[in-house]
A.B. asks: 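My structure is below; once you've seen it, I'll send some questions.
Just so it is clear, the values below take in all heavy atoms, side chains as well, and ignore hydrogens, waters and symmetry mates. Residue numbers count from 1 along this sequence.
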Amino acid sequence: KIGNNSGTYEGGNQVLITSAGGEGTAYAESELLAKLDTGGSFSIPNFDNSASELSLTVNDINLSASPAYADITVQLSTPTPCLDTSVDLDLVIDNFGGETAWTLTKPNDPDAV
């Protein structure tokens, strides 16, 4: 375990998937749903009551980089063709927001949208 994970007892140097009430705006108990290593994935069926599945896949956890980072693919499957061209993404980060980055891409197209 390195950096801000050096004192972590559970899930150090892994991607932790949690669920919490309060929508990130107030104190609430959280539940640990998954601890993922490189290659690991986690899916949430019927995400936000949308009939879509949200899938998260850990592509890489790079502990050699400074700062260390995790490369994660977030995918939302739609059971029917999506006619809406807008995307809402709520990204909740910790106290190290400067170490957080993400890119929105089209399926099967590595170029950023």
A.B. asks: Rounded to the nearest 0.5 Å, how far does CG of Leu63 lie from OH of Tyr69?
C.D. replies: 10.5 Å
A.B. asks: Is a side-chain N or O of Thr57 found less than 3.5 angstrom from the main chain of Ser41, in a donor-acceptor match?
C.D. replies: no
A.B. asks: Can you tell me how far apart CD1 (Ile72) and OG1 (Thr38) are? Round to the nearest 0.5 Å.
C.D. replies: 10.0 Å
A.B. asks: Nearest 0.5 angstrom please: Leu76 CG to Ser55 OG, how far?
C.D. replies: 8.5 Å
A.B. asks: Show the atom names and distances, to 0.1 Å, of all donor-acceptor pairs under 3.5 Å that link a side chain in residues 29-36 to residues at least two apart or in another chain.
C.D. replies:
| from | atom 1 | to | atom 2 | distance (Å) |
| --- | --- | --- | --- | --- |
| Lys35 | NZ | Glu10 | OE2 | 3.3 |

A.B. asks: Let me confirm one number: the OG-CD1 distance from Ser64 to Ile61, rounded to the nearest 0.5 Å.
C.D. replies: 12.0 Å
A.B. asks: Find out if a path of hydrophobic residues (ILVMFWY) with successive side-chain heavy-atom gaps under 4.5 Å connects Ile17 to Phe47.
C.D. replies: yes
A.B. asks: Do the side chains of Val74 and Val15 join up, straight or via other hydrophobic residues, at under 4.5 Å, putting them in one cluster?
C.D. replies: yes
A.B. asks: Counting only N and O atoms by type, is there a donor-acceptor contact under 3.5 Å from the side chain of Asn62 to the main-chain atoms of Ala68?
C.D. replies: no
A.B. asks: Return the CD1 to CG distance between Ile44 and Leu54, rounded to the nearest 0.5 Å.
C.D. replies: 5.0 Å
